[in-house]
Asker: 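Below are the structure tokens for one structure; questions will follow.
In what follows, chains carry the letters A, B, and so on, assigned in the order in which the sequence lines appear, proteins first and then strands, with residues in each chain numbered from 1. Everything quoted here is computed from the prediction, not taken from an experiment.
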There are 4 protein chains.
Amino acid sequence: MKAAVLHAVGDLRLEERADPVAGPREVLIEIAVVGVCGSDVHYYEHGRIGPRVVRGPHVLGHEASGRVAALGEGASKHAVGDRVALEPGVPCGRCRECRSGRYNLCRDVKFLGAPPIDGAFRRFVALHEDFVFTLPDSVSDAAGALLEPLSVGLWACRRAGVTVGDRVLVTGAGPIGLLAVQAARASGAVEIAVTDLNPRRLELALRTGATVAGESVDFEADVLIECSGAPAALAAGLRALAPAGRAVIVAMGYDGETAVPLALLQGRELWLSGTFRYAGTYPDAISLAASGAVDLEAIVTGRVGLEDTEAALRAGREDPDSVKVLVTPR
Amino acid sequence: MKAAVLHAVGDLRLEERADPVAGPREVLIEIAVVGVCGSDVHYYEHGRIGPRVVRGPHVLGHEASGRVAALGEGASKHAVGDRVALEPGVPCGRCRECRSGRYNLCRDVKFLGAPPIDGAFRRFVALHEDFVFTLPDSVSDAAGALLEPLSVGLWACRRAGVTVGDRVLVTGAGPIGLLAVQAARASGAVEIAVTDLNPRRLELALRTGATVAGESVDFEADVLIECSGAPAALAAGLRALAPAGRAVIVAMGYDGETAVPLALLQGRELWLSGTFRYAGTYPDAISLAASGAVDLEAIVTGRVGLEDTEAALRAGREDPDSVKVLVTPR
Amino acid sequence: MKAAVLHAVGDLRLEERADPVAGPREVLIEIAVVGVCGSDVHYYEHGRIGPRVVRGPHVLGHEASGRVAALGEGASKHAVGDRVALEPGVPCGRCRECRSGRYNLCRDVKFLGAPPIDGAFRRFVALHEDFVFTLPDSVSDAAGALLEPLSVGLWACRRAGVTVGDRVLVTGAGPIGLLAVQAARASGAVEIAVTDLNPRRLELALRTGATVAGESVDFEADVLIECSGAPAALAAGLRALAPAGRAVIVAMGYDGETAVPLALLQGRELWLSGTFRYAGTYPDAISLAASGAVDLEAIVTGRVGLEDTEAALRAGREDPDSVKVLVTPR
Amino acid sequence: MKAAVLHAVGDLRLEERADPVAGPREVLIEIAVVGVCGSDVHYYEHGRIGPRVVRGPHVLGHEASGRVAALGEGASKHAVGDRVALEPGVPCGRCRECRSGRYNLCRDVKFLGAPPIDGAFRRFVALHEDFVFTLPDSVSDAAGALLEPLSVGLWACRRAGVTVGDRVLVTGAGPIGLLAVQAARASGAVEIAVTDLNPRRLELALRTGATVAGESVDFEADVLIECSGAPAALAAGLRALAPAGRAVIVAMGYDGETAVPLALLQGRELWLSGTFRYAGTYPDAISLAASGAVDLEAIVTGRVGLEDTEAALRAGREDPDSVKVLVTPR
């Protein structure tokens, strides 16, 4: 099969690889669509994300959908030909975090595309059947791939306790911010404000659920979802929170230490946290996509073949209006 | 002013009464619309609901909207002419329940229309300013009155923890059941099943958010909202719940003791509770109505003048397709 | 090895069995102590508990501690000779319930002593290493076995949300009720009332944490933990709950339907649920036993050898003051 | 009556004042004991705490107990002579925060000793009856006054969700840190670590519930309660938290912005918040004191008469081993 393999920073090559084989209780999936995520771009540009370092040839990609091509021994939950989405992280299922329903924090998780686990920029992937979800007809292959970033948005809403009637501020209107807007709307938020510097992204936010958008907004919020990576946006967002407000940081880039107005957290009893991936979101994400409560294709700005994966990884830097590019390995 | 006064079971008279005066921090409201609630009908037919007994002439009605006509001493949150909705229960603000955010359980609450407090089937009502909510232009007088039964549905959803992706079963498609459907949809429920015996009500449920409806349904639910008052519906609803499901009983009529399959509550670790009115729902209810997330007028099946209040109280018995009748006191 | 094998109702035989072998990631444990549980007695007397039926020779027993005798392939968390407690239920780790942190509700759980899985009334047991917990010196073998019923009490407290300052009513002072009292005290309950008909058990409750005890008590509670199996105790307990109180049914025996005063659940917005085993309690149970916050040996009323397992199973019926009998298979 | 009046920074004078009169539903209390709080010292030294500025003569003091001396019109919950504790903050009871059970965040709260409301360093105080709590005989006057700082500790534990089996790290062993230790122990924490630079305070922590104490500790915690005001302690405490840990900042002094390792909050999904006073804690605090679950007098290091209030305010600066000084106005 063909695979897009990262050899070094900025060095991605289309290569022939042996087809994987489905192990016990695994499903072999022929990949239909893979979304390009900011973390893929970060690995391509820097060779690492924090402690996770690319050592040797590596296949990126973790936002994926496809069709079941074969079943491993004991796999019984799918049939060959099923259209499916892949939940990319398979946890150990046994540790303290797994037992507590926080399997996203499992230290032994195997996550597609996070080194050293090869990801989905290739024709075939084998994955444990319990992390392969059959798609209804109303969810396209593209939408199936984007259940992954939608899960990030849903998890942010869940941890922040977004509930009916809440006023939500989303800072940053990249792919995650935009899907956080849709997740918040689907979770019952009625007023949703979005901040970003890019007017095209703000327009897109307004078309997909935001009620207010601008470089800055005058808005009192119950929940802040920080998707920009900008400490100034975080500080402004915290100041916008009403008493007992909740803030979650989703954006990458908060390495080292960041100046935070802690007296605000005290005086208004705000809660501040961050999210790491997601847990248990796929069934809900599928329901939302199937019902039309979210419109995942609305954020797609480009589609390319596997041979243009490198161009897709560069699109974000080269075109500020690019939001989400999809790669089709077949 | 004119008022519709209950003198005895089945004896409602249109009478002249002195206009009320706004006391300290109270607002005098000229009533625009009052919805007829099943509890009004129950008082009219039986003279009591449990421990609350009508003794002497009494004005019913607690689903109300209107216009501010005058301000009492110290009232500063409204202006004469403001269009407003009335939250009918004014709690003490001091007791254990009030301090805990459960003011609906305050024993010293003064609730419009619950004896001995006169209700809203009259031209003017005076109410504490903190329980009078200004309506945006996008919320009609009719919708303003129906924020009250919507609050019942929202509170049921909140106590049952309805959240994005949940599957909700509503048993009973009367006014409360229908608004529980809308509240559940607005709270993020994607699959909503409704059971009732009346096909017109089931149709209405499907038009306003239900995804499945019938005399009985084959449905696995995360949440049950019991609005029928029928023990058989409760038992069937409990059996439909997935592990860790939550059930709340909203319907009246569960006096005495009811047979409940407790082994189900144990084996699946279900939670069962009931709701009593609501707390803190009006701001959310207004947001939902203003944004179009709920359509309150969809359940209105009749409108009459104050002189026809008695006909309105009888409509439910005489016309099985009647859902919500509104009275206009002016 | 020797094992106490149930062949039919009332027919328990001491037999020779082949020693089990530790499979991959399993630990072979030489059993030190097994507690006799009411469910063991129920299987012995009736051959079934609800849908779980004893078919063919079966070994009971699931409250167990011991010493590591051998390690299976890949087992790395223990050393031969470690003193350990056994968490008897090993769930699948993958299903919706497992992923949500409710692994006690896993349908594919393998539970020691629940047919068809052989239990601990034998010299050796093999168990997955993740469900084997090393005991500190301050926790005796007897206490190690009783971490299991303590877990039942802790789970009841956790699901009922017992928190500092709560007033807790425990109905029924059998082994589970008595350990629920200790769990409630350790969870911060300050006032703990216990009801039972047996004065010796009430005395024991008072010695181990209860502040009030009697056949009935005049007590307002925030939490009810029903451990008697008597519907009248449940009804009385619900009436004793303050507004927003929580009730959990732990006792077995609520088959069929039970009359419940649902209007109470509505008017006071009580929550009612039941518990099924426990999840994630062992680390906490060990901490509590090690620190002296609970005294597990206080409920032990008898100790016998494996050859007297049948007498131990009969003790509860024959001696009303018997609370917890321990069996030592070595 | 005599009162200790602050006229300017460092200028406290014993003066004669007119006795207050109990207004409607108020209780007049003859003060028995007032504890000196760090915030009193801060007002004495700086004349302000953030936005709250002392303008004109002002009486400090808010940790108080006493005896009912007279009842205002309509006050019916106490009898003259009752021994009582004063919950010093009386909220409006009507605003969004009050309705939500977060009355500590009410903007219209009247708080004893916070300018411009005169506090308790005087012989008599009048307070709304609903914030006056009768003390059982087993709670001394000194303990009654210290229910206030205990409430701060209980609120920290409640907001951090301290529950049975938790491992709690308290940074800072001043009066609040020491009572946070006792509150954590009473809430079910089994392992409690404390850090401070003062060995006498660490000893006191170990005597009253801490299991580990030192300038720094090697400890994995589920909960951090930051009572030191030192950003380095906060950062170290956050690093000590296990995945899904919760941190609450109780200490004053976090003005401006503080460097926080946000990537930790993300990678481990920690929650960080602060507390502002407390809500609904007095009944629980009284239960704990009455039952002996906490020992409030253990932190008392000095007692003086009203004429020595200034010395009491200076004790903390002049004697590093001083923890809690009590003033007796009579």
Asker: Could you pull out every donor-acceptor pair under 3.5 Å between side chains of residues 106-117 of chain B and any protein atom, sequence neighbours left out?
Answerer:
none

Asker: Between B/L272 and C/L265, is any pair of side-chain heavy atoms under 4.5 Å apart?
Answerer: yes
Asker: Search all heavy atoms of B/P243 against all heavy atoms of C/L105 and return the closest pair with its distance.
Answerer: CB-CD1, 3.9 Å
Asker: Where on B/I249 is there a heavy atom nearer than 4.5 Å to chain C: the side chain, the backbone, both, or neither?
Answerer: both
Asker: Side chain from CB out, backbone as N, CA, C, O: work out which of these in B/V250 comes under 4.5 Å of a heavy atom of chain C, or both, or neither.
Answerer: backbone
Asker: Scan residues 256-271 of chain C for pairs that pass side-chain hydrogen bond (donor to acceptor under 3.5 Å, both in side chains), counting only residues two or more places apart or in two chains.
Answerer: B/N104-C/E269, B/W155-C/E269, B/R159-C/E269
Asker: If we define contacts as heavy-atom pairs under 4.5 Å, which of C/A259, C/A263, C/S100 has the most with chain B?
Answerer: C/A259
Asker: For B/L264, which atoms come within 4.5 Å of any heavy atom of chain C: side chain, backbone, both, or neither?
Answerer: neither
